[in-house]
Number of protein chains: 2
Amino acid sequence: MVTSLGLRATKQRAAVLALVDEVADFRSAQELHELLRARGESVGLTTVYRTVATLAEAGELDVIRRADGESVYRRCGSGAHHHHLVCRDCGAAVEVEGPAMERWAERVAADHGYSQVAHTLELFGVCPVCSAAK
Amino acid sequence: MVTSLGLRATKQRAAVLALVDEVADFRSAQELHELLRARGESVGLTTVYRTVATLAEAGELDVIRRADGESVYRRCGSGAHHHHLVCRDCGAAVEVEGPAMERWAERVAADHGYSQVAHTLELFGVCPVCSAAK
DNA sequence: CCCCTTAATGAAAGTCGTTGTCATTTCCAT
DNA sequence: ATGGAAATGACAACGACTTTCATTAAGGGG
């Protein structure tokens with residue numbers, strides 16, 4: 001799985017991959033580092049940062065920024081382009097698609113002569129579980 | 001203008017306000033600080049940070065995050081809710097609206113039981129001027 | 001117009017997420 | 001097995017931003 005990306009199969013990468021496969025919520029590099037330590041599979045913080053960066057580049061992980069600017073990662077179910085509806089409290093996320101919006105974005109950009117267009121779109125709210133727990 | 005927010009009218013706030021009124025592009029606190037220094041109206045970096053934070057809270061400035069996570073500010077033409085089409089190279093920005101998208105976001109969130117929903121949406125590209133200059 | 005309280009300023013130090021360095025370890029092709 | 005390249009990890013460094021705190025100055029009351 002990692003080898004298909006020209007990467008070596010190390011214990012650490014396996015541990016990170018196993019973890020993000022289990023955790024459904026968006027988690028920061030530091031949180032992942034702590035979770036690994038807690039389960040007795042310690043991986044250096046630097047390595048966690050490098051690993052999630054690599055996996056994100058390869059499209060294996062989704063990255064978004066929390067309100068405070070911290071980057072949080074999550075295993076994405078689909079390789080296709082999508083966005084997220086994320087819980088502000090627990091990080092629980094739902095993948096959402098909006099083809100009509102993608103087209104709108106393209107058109108708006110083209111109308112103003114902008115090229116090489118990309119967009120960021122994330123929805124933040126409080127999930128049903130966290131709402132109920134209040 | 002600043003006094004209507006319960007703030008004192010200081011030389012520094014006037015200088016920052018005058019600057020953001022002239023500059024149409026999104027600029028970081030550090031860039032604003034440097035621009036002020038260059039025009040001989042030096043304002044402490046700390047004060048620039050505090051001022052843009054205050055103005056942003058008051059809705060007088062728009063804030064977005066660059067790809068590297070740095071916050072950049074701009075005077076917004078309309079007080080109404082809007083998004084931006086921003087040039088990656090020079091920060092030039094166009095205000096855009098997408099009422100259909102706002103409704104889509106609301107509906108998607110409601111469908112999944114999420115409450116207190118907010119969203120971030122920015123379009124990034126290369127503006128006509130920067131495209132031509134390449 | 002002059003105090004005098006209180007907000008505002010700014011230099012420097014601190015915080016925090018993240019990245020660079022580099023010696024050591026580990027993978028894996030030969 | 002083994003040599004060489006890639007990966008690891010402790011630590012230092014970095015950069016945006018915030019806090020601290022002593023000093024300055026705004027602006028209302030007398």
Side-chain angles (χ1 to χ4, degrees), chain A residues 1-20 25-58 60-74 91 120, chain B residues 1-20 26-58 60-74 91:
Chain A
M1 192 307 206
V2 294
T3 57
S4 61
L5 302 167
L7 302 173
R8 288 186 180 174
T10 66
K11 190 174 316 185
Q12 291 86 347
R13 289 211 255 253
V16 172
L17 271 171
L19 179 59
V20 295
D25 310 337
F26 274 96
R27 292 295 161 91
S28 70
Q30 312 222 41
E31 288 167 352
L32 294 174
H33 170 70
E34 175 57 26
L35 287 171
L36 286 167
R37 204 188 56 71
R39 58 155 71 177
E41 296 179 330
S42 274
V43 174
L45 182 56
T46 308
T47 299
V48 174
Y49 271 109
R50 274 189 297 236
T51 303
V52 294
T54 302
L55 291 175
E57 268 176 59
E60 293 294 328
L61 287 185
D62 278 1
V63 198
I64 63 177
R65 301 255 186 173
R66 278 209 274 249
D68 65 357
E70 191 174 7
S71 292
V72 286
Y73 304 85
R74 178 190 198 258
T120 65
Chain B
M1 191 306 205
V2 292
T3 57
S4 60
L5 302 168
L7 303 173
R8 286 184 183 176
T10 65
K11 191 174 314 185
Q12 291 86 347
R13 290 211 254 254
V16 172
L17 271 171
L19 178 59
V20 294
F26 275 97
R27 291 293 160 88
S28 70
Q30 314 224 40
E31 287 166 353
L32 294 174
H33 169 70
E34 175 56 26
L35 287 170
L36 287 167
R37 205 188 55 73
R39 58 155 71 175
E41 296 180 329
S42 274
V43 174
L45 182 55
T46 307
T47 299
V48 174
Y49 272 109
R50 274 188 295 233
T51 303
V52 293
T54 302
L55 292 175
E57 269 176 58
E60 293 295 328
L61 287 184
D62 279 1
V63 198
I64 62 177
R65 301 256 186 171
R66 278 210 274 249
D68 64 357
E70 192 174 8
S71 292
V72 287
Y73 304 84
R74 178 189 198 259

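Sequence lines set the chain letters: A, B, ... in the order given, protein chains first and strands last, and positions in each chain run from 1.
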Side chain to side chain contact (heavy atoms under 4.5 Å, CB included) with B:R50: which of B:V48, B:T46, B:V52?
B:T46
Length of the CG-C1' vector between B:D68 and C:dG17, whole Å:
13 Å
A:E31 CD to C:dT18 P: how many Å, rounded?
10 Å
Whole Å only: how far is the NZ atom of A:K11 from the C1' atom of C:dC27?
11 Å
Report the distance from atom CD of B:Q30 to atom P of D:dT18, rounded to the nearest whole Å.
11 Å
Rounded to the nearest angstrom, tell me the gap between atom NE2 in B:H33 and atom P in C:dT9.
14 Å
Assign each of B:Y49 and A:L45 the nucleotide of DNA chain D bearing its closest heavy atom; nearer the 5' end lies the nucleotide of A:L45
Classify the side chain of A:T47 versus the base of D:dA7 as yes if they form a donor-acceptor pair under 3.5 Å and no if they do not.
no
Categorize B:A29 for me: base, sugar-phosphate, or nothing, with a 4.0 angstrom heavy-atom threshold over every strand shown.
nothing
Identify the residue among A:T51, A:L61, A:L35 that makes a side chain to side chain contact (heavy atoms under 4.5 Å, CB included) with A:V20.
A:L61
Counting only side-chain nitrogens and oxygens, does B:T10 get under 4.0 Å of the OP1 or OP2 atom of C:dT9?
yes
Candidates D:dG27, C:dA12, D:dT8 - which lies nearest the side chain of B:R8:
D:dG27
Quick one: the side chain of B:S71 and the base of D:dC17, do they pair up donor-acceptor inside 3.5 Å?
no
B:Q12 side chain N/O closer than 4.0 Å to the phosphate oxygens (OP1, OP2) of C:dA8?
no
Measure the distance from CG on B:L36 to P on C:dT9 and round it to the nearest whole Å.
12 Å
Taking the side chain of A:R13 as heavy atoms from C-beta outward, which of C:dT18, D:dC17, D:dA7 is closest to it?
D:dA7
Nucleotide nearest B:T46 when distance is taken to its side chain, options D:dT20, D:dA16, C:dG17
D:dT20
Could you check whether the side chain of B:R50 and the base of C:dG10 have a donor-acceptor pair of N or O atoms closer than 3.5 Å, going by distance alone?
yes
In whole angstrom, give the distance that lies between atom CD of A:E70 and atom P of C:dT19.
12 Å
Run the salt-bridge test on A:E31 and A:R66 with the 4.0 Å N-O cut-off and return the result as yes or no.
yes
B:R65 atom CZ is separated from D:dC17 atom C1', nearest whole Å, by 10 Å
Side chains of A:L19 and A:R39 in contact at under 4.5 Å (non-hydrogen atoms)
yes
Using a 4.0 Å heavy-atom cut-off across all strands, classify A:L7 as base, sugar-phosphate, or nothing.
sugar-phosphate
Find out whether B:E34 and B:R37 are in side-chain contact, i.e. whether some heavy atom of one side chain is under 4.5 Å from a heavy atom of the other.
yes
